[in-house]
Amino acid sequence: MSEDSSVLPLVVLISGNGSNLQAIIDEIQRAALSVKIELVISNRADAYGLKRARQANIDTAVLDHRDYPDRKKFDRALAELIDQFDRPLVVMAGFMRILSDEFVNRYHGRLINIHPSLLPKYRGLNTHQRVLAAGDKHHGASVHFVTPDLDAGPVILQGRVDVLAGDTEDSLRRRVHEMEHLIYPRVVRWFANHQVQLEGDSVLIAGLPITEDKRIFELTPNEPGNAG
Ligand code: GRF
């Protein structure tokens with residue numbers, strides 16, 4: 001539990017590299033984010049993100065889905081770990097598991113994910129490849145509330161990047177990742193400041209519905225990435 005009740009508790013769910021987790025840790029360490037990561041949970045024991053957490057003195061847990069007979073039982077064990085804390089924000093950061101409706105509904109309004117596309121375009125996997133195949137001019141990442149429909153929950157913030165001539169899947173993935181590292185801590189900060197709410201299907205920021213133009217984040221030469 002947090003010693004300081006004004007600090008928002010976070011539980012972060014990962015399966016792999018954890019660079020988004022790292023972006024949040026970095027912001028906490030430079031005192032730009034007033035949250036406490038209470039626990040990082042991975043469904044894979046070899047996730048590199050677990051090392052990142054330990055290096056930052058954050059508690060970790062491994063919950064291997066293969067040890068559970070079905071999705072519901074795994075999700076219940078996951079919920080038990082999360083519910084040790086006082087209504088934490090649950091942050092999915094590259095967590096490669098589909099969650100049961102029961103789990104998703106339990107954390108309604110406080111379960112968020114980051115997806116590497118400008119939703120509602122390209123739900124699911126292989127987004128960079130699909131963007132290139134379609135010849136899109138823009139690509140990006142979306143932070144959204146998680147609802148029972150995969151990658152279809154209300155979007156909180158999107159980061160847009162241009163698709164450049166000569167881009168490959170790798171170069172796009174790199175640029176989208178950089179954008180993810182800017183927008184995810186920003187959204188977490190909004191939660192820490194009690195600025196985000198989910199009302200029905202609408203996202204409210206500071207009490208007002210978020211409009212399309214405000215939902216898109218783009219780096220301009222005058223805007224330092226981590227401000228806000
Ligand atoms: C990111 O591309 C995120 O959009 C997707 O999974 C990836 C996780 O990357 N959901 P990392 O583990 O945070 O480096």
Side-chain angles (χ1 to χ4, degrees), residues 10-29 33 35 37 39-56 58 60-63 65 78 89-99 103-104 107 111-132 136 138-161 163 167-189 215-219 225-226:
L10 251 58
V11 173
V12 183
L13 309 183
I14 62 167
S15 298
N17 180 33
S19 68
N20 280 286
L21 164 68
Q22 187 68 56
I24 295 170
I25 293 173
D26 290 348
E27 287 294 278
I28 296 171
Q29 288 180 344
L33 200 49
V35 298
I37 304 178
L39 186 63
V40 170
I41 306 172
S42 172
N43 65 316
R44 296 185 53 120
D46 61 353
Y48 183 67
L50 290 170
K51 283 199 185 134
R52 298 180 188 268
R54 287 181 201 123
Q55 229 155 37
I58 297 168
T60 60
V62 175
L63 208 59
H65 54 277
L78 190 57
L89 176 67
V90 184
V91 177
M92 293 171 67
F95 186 62
M96 300 304 283
R97 293 279 307 164
I98 292 177
L99 295 161
F103 182 93
V104 169
Y107 299 102
L111 175 61
I112 59 175
N113 181 43
I114 189 156
H115 179 76
S117 80
L118 294 173
L119 292 170
K121 287 184 116 179
Y122 309 117
R123 294 160 62 178
L125 299 174
N126 303 321
T127 58
H128 313 299
Q129 186 190 6
R130 288 153 72 197
V131 163
L132 286 175
D136 290 358
H138 301 290
H139 186 27
S142 306
V143 180
H144 64 95
F145 282 105
V146 177
T147 57
D149 260 352
L150 187 66
D151 299 332
V155 169
I156 306 169
L157 183 64
Q158 297 186 309
R160 184 158 63 194
V161 303
V163 179
D167 256 334
T168 60
E169 263 183 68
D170 273 354
S171 63
L172 259 188
R173 180 179 298 109
R174 250 197 318 276
R175 252 191 348 279
V176 169
H177 246 128
E178 281 168 15
M179 182 51 91
E180 291 183 4
H181 302 158
L182 298 180
I183 64 173
Y184 220 0
R186 176 176 285 231
V187 169
V188 171
R189 187 175 310 122
R215 229 176 49 189
I216 302 274
F217 179 81
E218 259 174 327
L219 284 183
N226 281 323

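Heads up: numbering here begins at 1 and tracks the sequence. As the structure lists them, so they are numbered: ligands from 1, and atoms in each ligand from 1.
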Engineer: Among N113, V146, T127, exactly one meets side chain to side chain contact (heavy atoms under 4.5 Å, CB included) together with D151. Which residue is that?
Structural biologist: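 Of N113, V146, T127, side chain to side chain contact (heavy atoms under 4.5 Å, CB included) with D151 is met by N113 alone.
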Engineer: For ligand 1, would you mind listing the residues that have at least one heavy atom less than 4.0 Å away, ordered by chain and number?
Structural biologist: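 Heavy-atom contacts below 4.0 Å: N17, G18, S19, N20, G94, I114, H115, P116, H177, E180.
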Engineer: More than 12 heavy atoms of other residues, nucleotides or ligands under 6.0 Å from CZ of R44: yes or no?
Structural biologist: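 12 or below, so no.
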Engineer: Only one of M179, H138, R215 clears side chain to side chain contact (heavy atoms under 4.5 Å, CB included) with Q158; which?
Structural biologist: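 Of the listed options, the one satisfying the test is R215.
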Engineer: Sequence neighbours excluded, which residues qualify as side chain to side chain contact (heavy atoms under 4.5 Å, CB included) partners of P154?
Structural biologist: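 With neighbours one apart ignored, the set is F145, T147, L198, V203.
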Engineer: Applying side-chain hydrogen bond (donor to acceptor under 3.5 Å, both in side chains), can you list everything that pairs with Q22, at least two apart in sequence or on another chain?
Structural biologist: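 Scan of Q22 (side-chain hydrogen bond (donor to acceptor under 3.5 Å, both in side chains), adjacent residues dropped) gives D26, R52.
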Engineer: For H139, give me all partners under ring-ring contact (aromatic ring centres under 6.0 Å, His included), at least two apart in sequence or on another chain.
Structural biologist: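 For H139 the ring-ring contact (aromatic ring centres under 6.0 Å, His included) partners, ignoring immediate neighbours, are H128.
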